[in-house]
Amino acid sequence: EQQEKWVPRAVNMEIIGTYAQTELGHGTFLRGLETTATYDPNTEEFVLNSPTLTAYKWWPGGLAHTANHCVVVAQLHSKGVNHGVHPFIVQIRDEDTHMPLPGVKVGEIGPKLSFSTANNGFLGFDNFRVPRDSMLMKNAQVLKDGTYVKSRLSKLTYGTMVFIRVMIVTDMAYYLSVGATIAIRYSAVRHQSKPKENEPEPQILDYVTQQHKLFIALASSHAFRVTGQWLWTTFVRVNKALTSGNADTLPELHAVACCLKAVTTRDAASMVEACRMSCGGHGYMTSSYLPILYGITTAACTYEGENTVLLLQTARSLVKAWQKGSKGKPLSPTEAYLMDKSPVPKWENTLDGIIAGFRRVSAGKVQDCVSKIDKLVKMGTSYEDAWNQTSVRLVAASEAHSRAVILATFRAEVSRAAAALSPPLARVLHQLVHLYTVYWALERVGDLLLYTSIAERDVQELQQQYEDLLQKIRPNTVGLVDAFDLRDEILNSTLGAYDGRVYERLMEEALKSPLNAEPVNQSFHKYLKPFMQGKL
Ligand SMILES: CCCCCCCCCC/C=C\CCCCCC(=O)SCCNC(=O)CCNC(=O)[C@H](O)C(C)(C)COP(=O)(O)OP(=O)(O)OC[C@H]1O[C@@H](n2cnc3c(N)ncnc32)[C@H](O)[C@@H]1OP(=O)(O)O
Ligand SMILES: Cc1cc2nc3c(=O)[nH]c(=O)nc-3n(C[C@H](O)[C@H](O)[C@H](O)COP(=O)(O)OP(=O)(O)OC[C@H]3O[C@@H](n4cnc5c(N)ncnc54)[C@H](O)[C@@H]3O)c2cc1C
């Protein structure tokens with residue numbers, strides 16, 4: 001009924017909304033949110049109020065000047081009892097005049113690192129009344145007399161965030177495809193230095209260090225697209241089960257969505273920055289689009305759940321799984337490997353060997369965390385303090401788990417799809433899987449030395465494998481980014497345009513600057529000249 005009321009109006013843009021959960025004082029700790037929604041049975045209304053400055057909603061995208069409605073997350077009070085945070089759909093502006101409604105204080109939060117096109121806003125309520133059906137009652141309800149009917153699963157309130165985290169993994173694949181396209185095309189056009197005096201300056205794409213910076217971004221885009229597809233399929237399956245009242249698989253989805261969102265956003269931000277730096281000074285130009293792209297990807301490390309907090313959520317699940325498995329209880333498919341108690345096998349420099357190695361690292365780290373926590377608790381430390389003292393290791397265990405999931409999914413999905421591809425295309429995609437897997441084995445070689453039987457000669461061989469792969473991938477690099485098929489209008493980059501006219505585009509953009517409107521800028525007459533004449 002509520003969906004019939006609100007969804008059609010949102011679809012035809014009568015309602016422009018945003019998600020107003022975060023407050024000045026709280027973004028992570030949702031149970032600490034201060035906005036209140038108090039039910040008045042006499043009028044069958046909720047009274048929304050921001051009791052403190054820190055209760056003001058702060059950050060929601062589009063809230064400042066675009067949205068006329070929003071989903072407000074508030075502490076629900078009825079019959080004198082606080083039932084915790086619940087979502088409410090609230091009109092905040094007049095639909096004709098767009099003026100803020102009486103009792104609503106709304107505005108712009110100010111300049112940000114990036115996302116300058118999104119008017120992120122603040123929102124405060126002064127005993128603002130909304131009808132009872134403003135409470136989104138899919139999970140919990142408040143009856144006309146104020147009786148609270150609790151949800152069958154309190155965490156369903158957090159469901160929106162799981163959905164967005166699932167989407168973010170695919171978003172990161174897209175943003176990495178943009179960064180890799182810009183940087184690799186530019187690296188094919190840019191010639192620099194003379195390693196061989198009697199030969200012309202080479203393409204910077206032929207420097208192996210440049211390949212090391214860029215090819216992992218290209219491979220990660222494919223790894224995250226494939227993993228994002230797998231995660232979406234998992235989300236759809238869990239949601240279908242939830243609809244029929246079965247929440248058994250929700251904890252696993254929450255845990256894997258948390259660590260994948262955290263790891264893919266962190267990787268995307270650091271790899272986009274590497275793309276920016278690989279383009280030298282021109283990568284620092286706004287017209288290259290790389291600084292903007294960095295701002296977009298680094299924001300994703302914070303929004304929809306700050307990365308450390310999400311990795312700790314997954315760690316919470318991994319520790320619980322270890323404790324469950326140790327009692328012989330079955331574990332979820334993504335965590336079942338934790339109970340592999342077989343002897344550490346002889347190391348193999350193969351994809352399967354490396355994936356098995358990352359699972360050993362994750363299981364070993366989780367076991368070390370459980371042992372440390374148990375030891376601290378036995379010494380009289382509270383569980384919460386023991387958790388906090390172990391939290392750096394818990395985050396590392398969560399990252400290792402996430403990497404094992406990505407490596408296994410990327411390999412399995414490409415192997416499955418390869419049968420339907422032409423042999424040359426299958427070969428190139430397998431090279432990207434190989435590069436991605438060996439890259440991360442070398443990046444985490446310390447962990448592999450701690451938890452597997454990898455030896456020094458294996459590491460030397462992996463390094464050689466990696467360098468051979470850079471050489472094999474080089475001839476197809478430009479074709480691989482062209483295959484993302486990103487139009488120039490979407491790339492919005494002087495360095496990444498398909499025609500490669502980098503220098504002409506850089507100059508065209510420079511001449512658009514208002515500072516080039518006249519040969520002598522007025523600042524000369526107002527400041528420089530008086531200063532030079534000693535008059536300032
Ligand atoms: C394809 C190309 C596309 C390109 C274009 C794309 C455009 C994209 C542009 C995007 C631009 C901007 C978008 C920006 C959107 C950002 C919007 C936001 O940021 S909204 C706000 C997000 N905020 C958060 O994520 C808050 C994070 N905090 C929390 O989730 C919770 O506070 C907490 C989980 C950290 C702690 O909650 P708490 O209640 O204290 O829970 P416990 O830790 O005690 O755990 C209790 C229990 O609950 C389980 N749990 C927790 N969360 C969930 C969940 N979401 N689902 C299911 N279960 C959950 C947890 O596992 C525990 O279970 P136990 O059994 O008790 O262990
Ligand atoms: C570009 C952008 C768009 C956004 N859009 C929206 C939106 O549309 N709607 C919305 O509601 N919100 C939005 N947000 C807000 C975003 O969801 C929050 O910023 C995010 O949830 C983090 O919360 P916080 O800012 O309070 O940081 P905090 O939680 O205060 O984090 C600060 C530091 O404390 C650490 N920390 C916090 N809790 C713990 C813990 N339990 N254990 C260990 N360390 C901890 C964190 O790791 C972090 O290092 C947006 C934010 C950005 C940057």
Side-chain angles (χ1 to χ4, degrees), residues 17-33 35 54 57-64 66-67 70-73 84-85 87 109 112-123 153-178 221 224-225 228-229 232 235 238-239 242 247 249-258 261-262 265 268 293 295-321 323-324 384 387-388 391-392 394-395 484 486 490:
T18 187
Y19 184 68
Q21 175 175 286
T22 301
E23 296 173 354
L24 254 179
H26 290 91
T28 287
F29 185 53
L30 299 185
R31 287 183 287 143
L33 291 175
T35 302
T54 48
K57 295 301 177 183
W58 187 278
W59 269 116
L63 175 61
T66 306
C70 53
V71 171
V72 175
V73 179
V85 291
I109 64 172
K112 310 175 288 285
L113 188 154
S114 188
F115 268 128
S116 51
T117 53
N119 56 100
N120 298 80
F122 64 77
L123 170 66
L153 182 69
S154 67
K155 291 309 173 195
L156 289 177
T157 307
Y158 292 176
T160 319
M161 292 178 279
V162 178
F163 168 70
I164 300 287
R165 289 167 192 156
V166 167
M167 298 302 289
I168 285 171
V169 174
T170 302
D171 288 353
M172 292 307 116
Y174 166 74
Y175 293 133
L176 277 168
S177 70
V178 173
S221 177
F224 295 170
R225 183 177 45 76
Q229 183 57 46
W232 172 252
F235 174 82
V238 171
N239 240 30
L242 279 175
T249 52
L250 179 59
E252 180 189 31
L253 173 66
H254 167 56
V256 78
C258 281
K261 179 271 183 189
T265 53
L293 190 64
I296 290 174
T297 48
T298 193
C301 297
T302 302
Y303 66 58
E304 213 56 55
E306 198 281 328
N307 279 358
T308 303
V309 168
L310 296 189
L311 286 168
L312 288 169
Q313 279 291 298
T314 304
R316 179 182 172 124
S317 173
L318 293 170
V319 165
K320 287 181 65 176
Q323 291 161 343
K324 249 175 84 174
E384 292 75 11
W387 176 270
N388 191 29
S391 54
V392 172
L394 286 162
V395 165
F484 287 130
L486 295 164
I490 299 292

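Just follow the structure's listing: the first ligand is 1, and inside any ligand the first atom is 1. Here the structure is a predicted model, which is why all the values come from computation and not from measurement.
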Undergrad: What are the atoms of ligand 2, with element, lying closer than 4.0 Å to any heavy atom of Leu312?
TA: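 Those qualifying, in numeric order: 42 (N), 43 (C).
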Undergrad: Tell me the contacting part of Arg316 for ligand 1: side chain, backbone, both, or neither, using a 4.0 Å heavy-atom threshold, strictly below.
TA: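 The side chain, only.
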Undergrad: Students should be able to answer this: which protein heavy-atom is nearest to atom 9 (N) of ligand 2, and at what distance?
TA: Tyr19 O, 2.8 Å
Undergrad: Consider ligand 1: state whether an atom of it lies below 4.0 angstrom from any non-hydrogen atom of Phe115.
TA: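 So Phe115 counts as touching ligand 1.
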Undergrad: Using a heavy-atom cut-off of under 4.0 Å, does the side chain or the backbone of Arg165 touch ligand 1, or both, or neither?
TA: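 Side chain only.
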Undergrad: In the protein, which heavy atom is nearest to atom 46 (C) of ligand 2, and how far is it?
TA: Glu306 OE1, 3.3 Å
Undergrad: Check each heavy atom of His254 against ligand 1 and say whether those closer than 4.0 Å belong to the side chain, the backbone, both or neither.
TA: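 Looking at His254 and ligand 1, just side chain atoms fall under 4.0 Å.
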Undergrad: Numbering the atoms of ligand 2 from 1, which are under 4.0 Å from a heavy atom of Gln21?
TA: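 Matching atoms, with element in brackets: 11 (O).
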Undergrad: Any non-hydrogen protein atom below 4.0 Å of atom 28 (P) of ligand 2?
TA: yes
Undergrad: Please report which non-hydrogen protein atom sits nearest to atom 55 (N) of ligand 1, along with the residue it belongs to and the distance in Å to one decimal place.
TA: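 Atom 55 (N) of ligand 1 sits closest to the protein heavy atom Tyr158 CB, 3.2 Å.
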Undergrad: Quick one: which of Leu113, Thr302, Ile109 has a heavy atom closest to atom 19 (O) of ligand 2?
TA: Thr302
Undergrad: Going by the order shown, which atoms of ligand 1 are within less than 4.0 Å of some heavy atom of Met161?
TA: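 What qualifies from ligand 1 is 23 (N), 24 (C), 25 (O), 26 (C).
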Undergrad: At under 4.0 Å between heavy atoms, which part of Glu306 makes contact with ligand 1: side chain, backbone, both or neither?
TA: neither
Undergrad: Is there a side-chain contact between Arg165 and Phe235, using heavy atoms and a 4.5 Å cut-off?
TA: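 Counting from C-beta outward, Arg165 and Phe235 never come under 4.5 Å.
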Undergrad: Could you pull out the closest heavy-atom pair between Pro87 and Val71, with the gap in Å?
TA: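 Result for this residue pair: CB-CG1, 3.9 Å.
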Undergrad: Taking atom 21 (O) of ligand 2 as the reference point, report whether a protein heavy atom occurs under 4.0 Å from it.
TA: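 Within 4.0 Å of atom 21 (O) of ligand 2, protein heavy atoms are found.
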Undergrad: Taking the side chain as C-beta and beyond, is there a heavy-atom pair between Leu63 and Trp58 under 4.5 Å?
TA: no
Undergrad: Within the 4.5 Å heavy-atom criterion, are Trp387 and Arg316 side-chain neighbours or not?
TA: yes
Undergrad: Quick one: does Trp232's side chain get under 4.5 Å of Thr170's, heavy atoms only?
TA: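 The answer is no, as the side chains (C-beta and beyond) never meet within the 4.5 Å cut-off.
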Undergrad: Taking only heavy atoms of Thr308 into account, list the atoms of ligand 2 that are under 4.0 Å away from them.
TA: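 Under 4.0 Å from Thr308, ligand 2 has these atoms: 47 (O).
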Undergrad: Let's go through Ile168 and Tyr303 carefully: what are the C-alpha distance in whole Å and the side-chain angles of both, what is the deciding distance for side chain to side chain contact (heavy atoms under 4.5 Å, CB included) to 0.1 Å, and is it a yes or a no?
TA: CA-CA 10 Å; Ile168 285 171; Tyr303 66 58; 3.6 Å; yes
Undergrad: Nearest heavy atom to atom 27 (C) of ligand 1: which of Thr28, Asn120, Leu250 does it belong to?
TA: Thr28
Undergrad: Identify the closest protein heavy atom to atom 23 (N) of ligand 1: which residue and atom is it, and at what distance?
TA: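 Of the protein heavy atoms, Gln21 NE2, 3.2 Å lies nearest.
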Undergrad: A side-chain contact here means heavy atoms from C-beta on lying under 4.5 Å apart; do Met167 and Glu304 qualify?
TA: no
Undergrad: Which is closest to atom 1 (C) of ligand 1 by heavy-atom distance: Ile164, Thr314, Leu253, Asp171?
TA: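 Nearest option to atom 1 (C) of ligand 1, by heavy atoms: Asp171.
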Undergrad: Apply side chain to side chain contact (heavy atoms under 4.5 Å, CB included) to residues Lys261 and Met172 and explain how you reach the verdict.
TA: CA-CA 9 Å; Lys261 179 271 183 189; Met172 292 307 116; over 6 Å; no
Undergrad: Give a yes or no on whether atom 34 (O) of ligand 2 lies under 4.0 Å from any heavy atom of the protein.
TA: no
Undergrad: Would you indicate which of Arg31, Lys261, Lys320 comes nearest to atom 64 (P) of ligand 1 when only heavy atoms are counted?
TA: Lys320
Undergrad: If we set the cut-off at 4.0 Å for heavy atoms, which region of Val309 has an atom near ligand 1: side chain, backbone, both, or neither?
TA: side chain
Undergrad: Contact between Thr265 and Phe224 at the side-chain level, heavy atoms closer than 4.5 Å - yes or no?
TA: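 Sidechains of Phe224 and Thr265: no contact.
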Undergrad: What protein heavy atom is closest to atom 46 (C) of ligand 1, reported as residue, atom name and distance in Å?
TA: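 Answer for atom 46 (C) of ligand 1: Lys155 CE, 3.6 Å.
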Undergrad: Among all protein heavy atoms, pick out the one at the shortest distance from atom 18 (C) of ligand 1; state its residue, atom name and that distance to 0.1 Å.
TA: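 Residue, atom and distance for the closest contact: Glu304 OE1, 3.3 Å.
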Undergrad: Return yes when Gly27 approaches ligand 1 closer than 4.0 angstrom through a heavy atom, no otherwise.
TA: yes
Undergrad: Quick check on contacts: which atoms of ligand 1 are under 4.0 angstrom from a heavy atom of Tyr175?
TA: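 Those atoms are 5 (C), 6 (C), 7 (C), 8 (C), 9 (C).
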Undergrad: When you measure from atom 31 (O) of ligand 2 to every protein heavy atom, which one gives the shortest distance, and what is it?
TA: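 Answer, as residue, atom name and distance: Thr28 OG1, 4.3 Å.
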Undergrad: What residue and atom, counting heavy atoms only, is the protein's closest point to atom 7 (C) of ligand 2, and at what distance?
TA: Pro60 CA, 3.5 Å
Undergrad: Looking only at protein heavy atoms, which one is nearest to atom 36 (C) of ligand 1, and what is the separation?
TA: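 Ranked first by proximity to atom 36 (C) of ligand 1 is Gln313 NE2, 4.2 Å.
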Undergrad: Select the closest option to atom 40 (C) of ligand 2 among Val309, Leu310, Leu311, Val72, judged by heavy-atom distance.
TA: Val309
Undergrad: What is the nearest protein non-hydrogen atom to atom 4 (C) of ligand 2, stated with its residue, atom name and distance?
TA: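 Among all protein heavy atoms, the one nearest atom 4 (C) of ligand 2 is Tyr303 CB, 3.9 Å.
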Undergrad: So is there a nitrogen or oxygen of Tyr174 less than 3.5 Å from a nitrogen or oxygen in ligand 1?
TA: no
Undergrad: Is ligand 1 under 4.0 Å from a heavy atom in the side chain of Leu30, in the backbone, in both, or in neither?
TA: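 Both parts.
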Undergrad: Just which atoms of ligand 1 are under 4.0 Å from any heavy atom in Val162?
TA: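 Selected atoms, number and element: 54 (C), 55 (N), 56 (N).
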Undergrad: Out of Phe29, Trp59, Trp387, whose heavy atom sits nearest atom 14 (N) of ligand 2?
TA: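 It is Trp59 that holds the nearest heavy atom.
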Undergrad: Nearest protein heavy-atom contact for atom 13 (C) of ligand 1: which residue, which atom, what distance?
TA: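 Ranked first by proximity to atom 13 (C) of ligand 1 is Tyr303 CZ, 4.0 Å.
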Undergrad: I'd like to check Leu312 versus Val395 (side-chain heavy atoms, cut-off strictly below 4.5 Å). Are they in contact?
TA: yes
Undergrad: Could you tell me the residue and atom name of the protein heavy atom closest to atom 12 (N) of ligand 2, and the distance to it rounded to 0.1 Å?
TA: Thr22 OG1, 2.8 Å
Undergrad: Need the ligand 1 atom indices (1-based, order shown) with element for anything under 4.0 Å from a heavy-atom of Tyr19.
TA: 20 (S)
Undergrad: Could you list the atoms of ligand 2 found under 4.0 angstrom from a heavy atom of Gly61?
TA: 7 (C), 8 (O)
Undergrad: Output yes when a protein non-hydrogen atom is found under 4.0 Å of atom 48 (C) of ligand 2, and no otherwise.
TA: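 It does: a protein heavy atom is found less than 4.0 Å away from atom 48 (C) of ligand 2.
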